[in-house]
Amino acid sequence: MAGKTLFDKIWDAHVVEAVPDGPQVLYIDRHLIHEVTSPQAFAGLEKRGIPLFRPQQTIATADHNVPTKNQHLPINDPLSKSQVDALIANCARHGVELYGLGHPNQGIVHVIGPELGITQPGMTIVCGDSHTSTHGAFGCIAFGIGTSEVEQVFSTQCILQTRPKTMRIKVNGSLAEGVGAKDIILYIIAQISTSGGTGYFVEFAGSAIESLSMEGRMTVCNMSIELGARGGMIAPDETTFAYMQGRDFAPKGEEWAKNMAFWKTLYTDEDAVFDKEINFAAADIEPMITYGTNPAMGVGVSQPLPVANGDPSFAKALDYMQFAEGQPILDQEVDFVFIGSCTNSRIEDLREVAALVKGRKKAANITAWIVPGSKRVEEQAKEEGLDKILAEAGFELREPGCSACLAMNEDKIPAGKYCVSTSNRNFEGRQGPGSRTLLASPATAAVAAITGKITDVRKFLN
Amino acid sequence: MEAFTTLISTAAPLPLENVDTDQVIPARFLKATTRAGFGDNLFRDWRYHADGTMKEDFVLNKVKGAAILLAGKNFGCGSSREHAAWALYDYGFRVVVSSFFADIFKNNALNNGLLPVQVSDGFLQKLFAAVAADPQQKIKIDLENQQIAIVGRDEAEGFAINAYKKHCLLNGLDDIDFLISKKDAIEKFERRALA
């Protein structure tokens with residue numbers, strides 16, 4: 001019998017029951033919730049008159065809708081305030097731990113799960129947010145769900161799911177200087193499209209992936225959804241275990257040893273068979289930038305934009321961005337730089353940006369926002385003096401939240417303006433109505449802030 | 001959830017690929033705490049100018065009363081927001097036809113009685129052509145027989161749907177009732193997994 005993939009091992013261990021000719025009842029270890037996709041699910045529970053089944057396996061935070069300035073004051077926007085207030089009331093009523101505004105553990109749901117040690121190898125984790133795939137970096141099955149599915153998990157700690165197919169994407173070799181995790185995932189998406197992973201759960205492997213820090217691995221897994229994949233995952237190894245040790249909710253003492261024995265079984269067997277395998281060479285990857293209105297519309301910074309070949313969707317995207325087919329993207333002037341989101345707002349990202357902008361000033365035409373992923377990231381940045389370096393370079397360091405990644409709060413890029421963003425989506429209007437987003441790594445975003453235009457970070461380093 | 005059996009309706013054509021859920025319902029309209037009323041902001045930034053006036057060229061401002069949305073491949077990609085399915089349903093759509101759907105959107109649609117019908121690229125082009133030639137062209141969707149047809153023409157195609165989900169839609173049942181009926185098995189699983 002063929003061996004098992006990492007995905008198979010975890011999935012099989014969580015199947016409660018299989019429906020004939022249908023989906024499987026999958027047990028969920030951790031359910032993360034936030035203010036935007038939970039209120040209707042709480043209302044559903046109350047309509048049925050049933051309690052939340054396993055509140056101790058549910059963790060809440062407020063992130064999508066919160067202001068990133070003056071979080072100690074009441075929220076100005078009445079609709080945002082009512083949604084955050086509803087979360088507070090619902091969590092209190094159902095006994096759910098809430099890391100809301102003002103709490104030292106508050107932050108973007110996909111940043112706080114790992115940093116608190118809630119996310120652990122071998123678990124199933126869901127959240128009403130597509131970037132739940134982030135947690136797969138620890139060797140978990142983690143995926144985003146809709147609100148009806150949030151209600152399923154509230155009611156039974158289970159979810160009905162059709163078993164996805166498996167795919168392995170290997171990236172082998174060494175990355176060039178100036179090329180990082182974000183470039184890897186933007187490159188993969190550009191190669192296989194935003195639907196190339198649909199129907200699959202992806203395991204990322206290969207020496208370039210193994211060499212990444214946990215922060216880098218989270219960036220890669222975070223954007224698996226941008227391939228259309230249900231989720232992405234990376235087998236846990238010494239890098240994973242070193243990251244987890246000592247975290248608030250990580251197992252301690254004897255429990256740690258017991259868990260380590262289990263975690264070390266979490267790898268894909270040599271003879272396991274994937275439904276699909278794709279291989280890339282790290283040496284082919286250069287710093288990436290997107291030019292269009294979906295994350296697959298990306299090129300290496302030194303490349304010209306492709307030509308439309310009569311594709312109306314492509315032409316519509318270029319018209320929205322006000323770019324011409326075949327033009328270079330290098331030296332394109334931009335207006336905003338946004339460093340943040342569940343993709344790139346961790347301490348390593350802030351350190352990288354600070355190292356690049358230290359002793360320099362942002363260009364006069366640039367507004368630069370840096371929004372840490374959590375209160376803990378914010379505090380650590382201050383402890384390390386990064387806040388001063390960033391302030392001297394003209395960056396505005398804000399308070400944690402999803403912010404201009406999806407512009408639900410007041411952090412919006414004005415219509416027609418270009419923003420180099422470390423977030424995950426460049427859809428029309430994603431960062432505010434009429435805004436134009438160019439997705440990039442924190443390094444590429446940092447140098448764009450200094451020069452005021454799209455710049456090759458490799459040249460900047462020399 | 002309302003049951004779905006057969007639908008005969010005109011269709012609104014949106015021949016664009018990779019329509020993401022941020023277009024279906026932009027994030028700034030996700031602040032409600034109930035499921036009602038999202039239809040008003042369906043395709044908001046494609047339907048309206050920034051000043052609130054209508055964009056005359058957008059399909060929903062030209063075609064009224066259609067319960068079927070025809071869309072290019074990879075419909076519903078991006079954010080997992082179920083509000084996208086709620087907005088389509090609230091506006092009056094009961095079926096979305098495309099040659100490919102994003103996974104989470106497909107689940108969300110099925111959980112709300114909105115039927116995603118996946119057809120071949122070739123049949124999708126026939127549908128677009130038929131609706132372009134005659135905006136009053138009726139399309140018939142028969143869930144029991146898993147068939148989509150261009151009414152009055154000899155053009156039809158079968159579509160796939162999970163047998164369990166088909167049963168749920170035909171009978172207006174939702175997953176939560178089913179899962180709640182499995183409580184004993186779930187608790188047994190917990191005792192075994194924690195042992």
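Treat the numbers as computed from the prediction; the structure is a model and nothing was measured. Each chain gets a letter, A, B and so on, in the order its sequence line appears, and its residues count up from 1.
Taking CD1 from B:Ile104 and OG1 from A:Thr132, the interatomic distance works out to 7.5 Å, rounded to the nearest 0.5 Å. One distance of note links CD of A:Gln157 with CD of B:Glu187; it measures 11.5 Å at 0.5 Å rounding. Remark: A:Tyr27 OH to B:Arg192 CZ distance equals 12.0 Å, nearest 0.5 Å. Of the inter-residue distances, the one linking B:Lys165 atom NZ with A:Thr162 atom OG1 reads 8.0 Å to the nearest 0.5 angstrom.
For A:Val150, no part lies near chain B; criterion is any non-hydrogen pair under 4.5 Å. For A:Ala13, the part lying near chain B is the backbone, with the side chain staying farther off; criterion is any non-hydrogen pair under 4.5 Å. Contacts between B:His167 and chain A at a heavy-atom distance below 4.5 Å are absent for every atom of the residue. For A:Phe42, no part sits under 4.5 Å from any heavy atom of chain B, backbone or side chain. Only the backbone of A:Ile159 comes within contact range of chain B, with at least one heavy atom under 4.5 Å from a heavy atom of that chain. Proximity to chain B (any heavy atom under 4.5 Å) is restricted, for A:Asp77, to the side chain, taken from C-beta onward.
A 6.0 Å sphere centred on NZ of B:Lys64 holds more than 12 heavy atoms belonging to other residues, nucleotides or ligands. For B:Asp51, the CG atom sits in a packed shell: over 12 heavy atoms of surrounding residues, nucleotides or ligands are nearer than 6.0 Å. The number of heavy atoms from other shown groups lying within 6.0 Å of CD (A:Gln56) is above 12. Environment of NZ in B:Lys188: sparse, with no more than 12 heavy atoms of neighbouring residues, nucleotides or ligands closer than 6.0 Å. Within 6.0 Å of CG in B:Asn61 there are more than 12 heavy atoms belonging to other residues, nucleotides or ligands.
Ranked by non-hydrogen atom pairs under 4.5 Å with chain A, the options B:Ile180, B:Asp45, B:Asp175 are led by B:Asp175. Note: B:Gln23 leads B:Lys166, B:Lys106, B:Gln23 in heavy-atom pairs under 4.5 Å with chain A. Annotation: maximal heavy-atom pairing with chain B below 4.5 Å, among A:Ala296, A:Cys158, A:Ala43, occurs at A:Cys158. Contact count versus chain B (heavy atoms, under 4.5 Å) is highest, among A:Gly199, A:Gly429, A:Ala229, A:Pro295, for A:Gly199. Heavy-atom pairs under 4.5 Å with chain A peak, among B:Val19, B:Asn18, B:Leu179, B:Leu30, at B:Leu179.
In the model, B:Trp46 has a side-chain atom that pairs as donor or acceptor with a side-chain atom of A:Glu428 under 3.5 Å. Side-chain atoms of B:Glu82 and A:Ser148 form a donor-acceptor pair, as typed in the model, at a separation below 3.5 Å.
With contacts defined as side-chain heavy-atom distances shorter than 4.5 Å, the pair A:Val19/B:Phe178 qualifies. A:Gln161 is listed as a side-chain neighbour of B:Asn107, based on a closest heavy-atom distance under 4.5 Å. Within the 4.5 Å cutoff, the side chain of B:Thr21 has no heavy atoms near those of the A:Phe427 side chain. Between A:Asn294 and B:Asp20, the closest side-chain pair of non-hydrogen atoms is not below 4.5 Å. Put simply, the side chain of B:Lys183 reaches to within 4.5 Å of the side chain of A:Thr156, judged on heavy atoms. Two residues are said to be in side-chain contact when any heavy atoms from C-beta on lie closer than 4.5 Å; A:Leu406 and B:Arg28 fail this criterion. The shortest distance between side-chain heavy atoms of B:Phe189 and A:Val25 does not fall below 4.5 Å.
Between the side chain of A:Arg230 and the main chain of B:Asp103, no donor-acceptor pair closer than 3.5 Å is present. Counting only distance, with no hydrogens or angles, the side chain of A:Lys316 and the backbone of B:Leu16 share no donor-acceptor pair below 3.5 Å. The backbone N or O of B:Ile176 lies less than 3.5 Å from no partner atom in the side chain of A:Gln152, so there is not a single donor-acceptor pair. A distance-only check finds a donor-acceptor pair linking the side chain of A:Ser313 to the backbone of B:Glu17 [under 3.5 Å].
Counting all heavy atoms, side chain and backbone alike, A:Glu149 lies closest to B:Asn108 at OE1-OD1, 4.1 Å. Nearest heavy atom pair, residue A:Glu226 against residue B:Gly78, reads OE2-CA, 4.4 Å. Shown here for A:Thr198 and B:Phe101, the closest heavy-atom pair between the two residues is CG2-O, 3.6 Å. Across all non-hydrogen atoms, the minimal contact from A:Glu17 to B:Ala185 is OE1-CB, 3.6 Å. Across all non-hydrogen atoms, the minimal contact from A:Gln40 to B:Thr34 is NE2-O, 2.9 Å. Shortest non-hydrogen contact noted between B:Ser79 and A:Ser130 is CA-OG, 3.8 Å.
Between A:Arg48 and B:Asp174, at least one side-chain nitrogen of the basic residue sits less than 4.0 Å from a carboxylate oxygen of the acidic one, meeting the salt-bridge criterion. Residues B:Arg81 and A:Asp129 are not paired through a salt bridge, judged by the lack of any N-O separation under 4.0 Å between the basic side chain and the carboxylate.
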